[in-house]
Protein chains: 2
Amino acid sequence: MRQKAEKSGPKKPATMRDVASHAGVSVATVSRALGGSSLVTEETALAVRRAVAKLNFVPNISARTLKYGQSHAIGVIVPDLTNPFFSEFLREFEALASANGQVVLLANAEASVGGALTSVRQLLMRLVDGVVVLPSLDELEPYQLLTLRKVPTVAIDSRRTGPSFSDVSLMHEEGMRQAVGYLKDLGHQKIAFIGGSPGLMISKLRLDAFQASLKMHGITVRHEYVRHGNYRADGGDRELRNLMLLADRPTAVIGVNDLTALGALRAARTLNISVPGEVSVVGFDGIELDDLVSPSLTTMSVSRKLIAQSCHGALEEMRLGRGGSGRQLYIPVELIVRQSTGRPLRKTTKH
Amino acid sequence: MRQKAEKSGPKKPATMRDVASHAGVSVATVSRALGGSSLVTEETALAVRRAVAKLNFVPNISARTLKYGQSHAIGVIVPDLTNPFFSEFLREFEALASANGQVVLLANAEASVGGALTSVRQLLMRLVDGVVVLPSLDELEPYQLLTLRKVPTVAIDSRRTGPSFSDVSLMHEEGMRQAVGYLKDLGHQKIAFIGGSPGLMISKLRLDAFQASLKMHGITVRHEYVRHGNYRADGGDRELRNLMLLADRPTAVIGVNDLTALGALRAARTLNISVPGEVSVVGFDGIELDDLVSPSLTTMSVSRKLIAQSCHGALEEMRLGRGGSGRQLYIPVELIVRQSTGRPLRKTTKH
DNA sequence: CTGAAAGCGCTTACAG
DNA sequence: CTGAAAGCGCTTACAG
C-alpha cells in the first residue's frame, strides 16, 4: 500500500498552518513573524521566512477581512470606461490606491439606477474600505445604502455631503466664466452649448454655469442654442449639425465635455465648415486626445491627478477619522487655448 | 441605568445571526433560505426575507470566500489604462464578468516586472477565480506564481499555453499581410514600421509579421525603416519625424498600434507633409478614435468584444474544467481602409 | 518569547 | 423541514 499521496492530488495552496509545521513553530508565531512583531526572535523569524519562501505561501486575505471587516479594497463606480476622462482618472486613482496597499474594485453603472444599486451591493458584500462614485446620478438610492453602512463615499460633482459622504466638485462656474469671457473678447455673441444626457448632474451643473456666465457677460441666452448630446462624440457631431441648420447660426459652441466637442469638430470638418473661422469650439475636461486632432481643441481643463488625489484623500480621511461628516472639495478649472477658437468672421450671418 | 445601547454606538452591519434572531430561526435556516434551498418552507423563507429587508442585511462575502477558496473576482492586469485599446477591452470584459456575478479587480503593471509580481501577489491573496494578463511581458516570473497556484490565467499575445494557462492571440500575420498587400497594390515599395518598446512581446510579434509580409511581397526590408516608439502618440510623432529626415523617405508607415499611428499623423500635419499624398499611414487596433481625426485612420482592426469574450470564455473553461491544459485561441484582424492611405505621389524621392 | 484557544460570518454535512 | 456544530485561514488577547 502506498503512503498517503503527498505530491499528487489538487494540492491546495499552503496555509499558515503548513508554514508553521514546516518551520516547527505555531501558527501564532508565524502570524506574528509575518506581521513584523518585535516579539519574535530574529532566528525564529528567519525560519518562518524560509518556510514561506519554500512553500510559496501567500496569505489568504479573506480571513483577515473576516476578522477586521475591512478588505483594503476600494470600489470605483464608473459610467463609461470608454470616456478618456474616466480612464485617465482611474489610472491616477489606481496608482494612489496601490501605493496605499489597496486594490481597486471596478463596478460599472451604465445600466441606470438598477445597475448602480447592484454595483453598490456587490461592493458592500466585499466590505470595501470606500467607494468612489463617478456617475453623479440625481438618484439618491444607491448612495443611501452606502451611507447607511457608514462606508466612506466620495462622489464627483454631486454637490452634496453628509455623514461619511464627501464630494469633489469641479469649478464649472469659474471655468465657464473664463471660457465665455474669452469668447466674448474675441467678438462672439452667439454662443451655443451642447450638453449631455439631461438626467445627469454634471450636465445640469455645466449648463447652469453656462447660462449664468452668459448673463453675467450680458449675452442673451437663446433657447435654440442649448442642445442635448450624450457625452460622446456622436452626440456632439449630431448636435453641431443641428446648430448649423439654424438660420441664425451660433459663431461659437461649448461642449459639455471634450468628447462632445471633438464630435462637433468632426461634424464641422465633414460639413466643410471652417474652425475657428465659421465656428469656434470649446470643450471641457482636458483629455490627452485634445492635442491629437486638428485643429487642436481649446478646453476647460481639469487635472485628473488632482481629482484622484482629492478623492483618495477624502476617503482616507473619512475612514481614519471619527466618522464625522464628509467634506466638500473643489477642483480648479483652467482654460487652455488651442487652435479651435478664434475671432468670428466679419460677415452678417443672416442672409 | 439605561438599557444596553441598542440604537446608538457604531452599530455594526447586520450579520446572518441578527437576521436569524429577528426572524426567529437559526442561522442555518437563514443561509438555506437565502440560498434558495428547497428545504425551506415558503413561510419561513418569507419571514427571513422580511428580516433581511428590515435589517438591510448584505451577506459578507469574505466568509464565503474563506469557505470555498474562491472569491468570484477576476484580476485584470493592465499596462496602461490610457490606451483606449485597454480601456475598451476592460469595458467589454467587465460587462461579461458582472453578467456572471464576478467582479473585476484592477491591477496595474506599468512598473515592469516588480510591479507585475506585486500585482500577482495581491491577486493571489484575494483568491481570484482567474487572471487576465494584458501586458504580455517576455518575463515568465509573474506567470509562474499563478501557474503554480493553478489559478486560471489568460494572456494576450503571449503565444504560450500550459496547465491552467491559455492564450488569446491576434492574427498579426494575417493583418500585416493584408495591409502590406494593400499598400503594395497602391504602388508603395518603401514601407516603414514604427514599433513599440522593444521589450514587449506584442511589438516583436508585429515587427516579425511586418518583415515577413514584406518578404512575401518581394519588398526589401530596410533597416532604417524600422523604428521603435513607445505605444503612445508621442512615440509615433517622434519616429515619423525621424523617418522624414531620411534622404530616401518611405511613402508609407505602419504603426504598431493606433496611438502610434495617430501620433505619426499629427507629426505629418505639423510638418506640413500631406497624408496620404506624401506618406500613407496605417494603424493597428481599431480604436474608436480612429474616426475622430482627420484624415481618419486606416487600420488593422480587431474586435475588443471578441477578445473579451475569448478571454472570459477561456477562464471559465479552465475554472470549471478538470484543470487540463489551457487553449490557444486566435482573433481575426481586419483591414479597415479610411482616409490616411492612398497612392504615393509620382515623383522621385531622391533628389 | 511562544502557544492554545476563541472568534470573525458564513455553509453544510449530520442529527433529529 | 430545522438546528447545533464544525470548519474555512487568519489574528490577538490570554496564559505561560
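Within every chain, numbering begins at 1; the chains are lettered A, B, ... in the order of the sequence lines, protein sequences first and strands thereafter.
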Compare all side-chain heavy atoms of [X] with those of [Y] and state whether any distance is below 4.5 angstrom.
{"X": "B:Val128", "Y": "B:Leu124", "value": "no"}
{"X": "A:Leu90", "Y": "A:Val76", "value": "yes"}
{"X": "A:Val132", "Y": "A:Phe89", "value": "yes"}

Please give, in whole Å, the distance from [N] [atom2] to [X] [atom1]?
{"X": "B:Gln70", "N": "D:dC8", "atom1": "CD", "atom2": "C1'", "answer": "14 Å"}
{"X": "A:Lys67", "N": "C:dA5", "atom1": "NZ", "atom2": "C1'", "answer": "11 Å"}
{"X": "B:His72", "N": "C:dT11", "atom1": "NE2", "atom2": "P", "answer": "11 Å"}
{"X": "B:Glu42", "N": "D:dT2", "atom1": "CD", "atom2": "P", "answer": "11 Å"}
{"X": "A:Leu34", "N": "D:dT11", "atom1": "CG", "atom2": "P", "answer": "8 Å"}
{"X": "A:Glu43", "N": "C:dT2", "atom1": "CD", "atom2": "C1'", "answer": "13 Å"}
{"X": "A:Leu55", "N": "D:dG9", "atom1": "CG", "atom2": "P", "answer": "14 Å"}
{"X": "A:Met16", "N": "D:dG7", "atom1": "CE", "atom2": "P", "answer": "20 Å"}

Using Watson-Crick or G-U wobble pairs with both distances under 3.5 Å, give me DNA chain D in dot-bracket, 5' to 3', with [ ] for crossers and | for pairs to another strand.
|||.||||||||.|||
Which nucleotide in the list [options] gets nearest to the side chain of [X]?
{"X": "B:Thr44", "options": "D:dC1, C:dG9, D:dG3", "result": "D:dC1"}
{"X": "A:Phe57", "options": "C:dC10, D:dT2, D:dC10", "result": "D:dC10"}
{"X": "A:Ala28", "options": "C:dG9, D:dT11, C:dG3", "result": "C:dG3"}
{"X": "A:Arg32", "options": "D:dT2, D:dC14, C:dC10", "result": "D:dC14"}
{"X": "B:Leu66", "options": "C:dA4, C:dG9, D:dG3", "result": "C:dG9"}
{"X": "B:Leu39", "options": "C:dT2, C:dT11, D:dT2", "result": "D:dT2"}
{"X": "B:Ser26", "options": "D:dC10, C:dC10, D:dG3", "result": "D:dG3"}

Test item: side-chain donor near acceptor, B:Arg126 and B:Ser71, under 3.5 Å:
no
Could you verify whether a donor N or O on one side chain and an acceptor N or O on the other, from A:Thr65 and A:Ser62, lie under 3.5 Å apart?
no
Below the 4.0 Å mark, does [N] have OP1 or OP2 next to a side-chain nitrogen or oxygen of [X]?
{"X": "B:Thr29", "N": "D:dG3", "value": "yes"}
{"X": "B:Thr41", "N": "D:dT2", "value": "yes"}
{"X": "A:Arg64", "N": "D:dT11", "value": "yes"}

So, are B:Arg304 and B:Glu92 salt-bridged, with charged N and O less than 4.0 Å apart?
no
Do NZ/NE/NH1/NH2 and the carboxylate oxygens of B:Glu316 and B:Arg319 come within less than 4.0 Å?
yes
A:Ser310 and its side chain to side chain contact (heavy atoms under 4.5 Å, CB included) partner, picked from A:Val168, A:Ile156, A:Val154, A:Asp167:
A:Val168
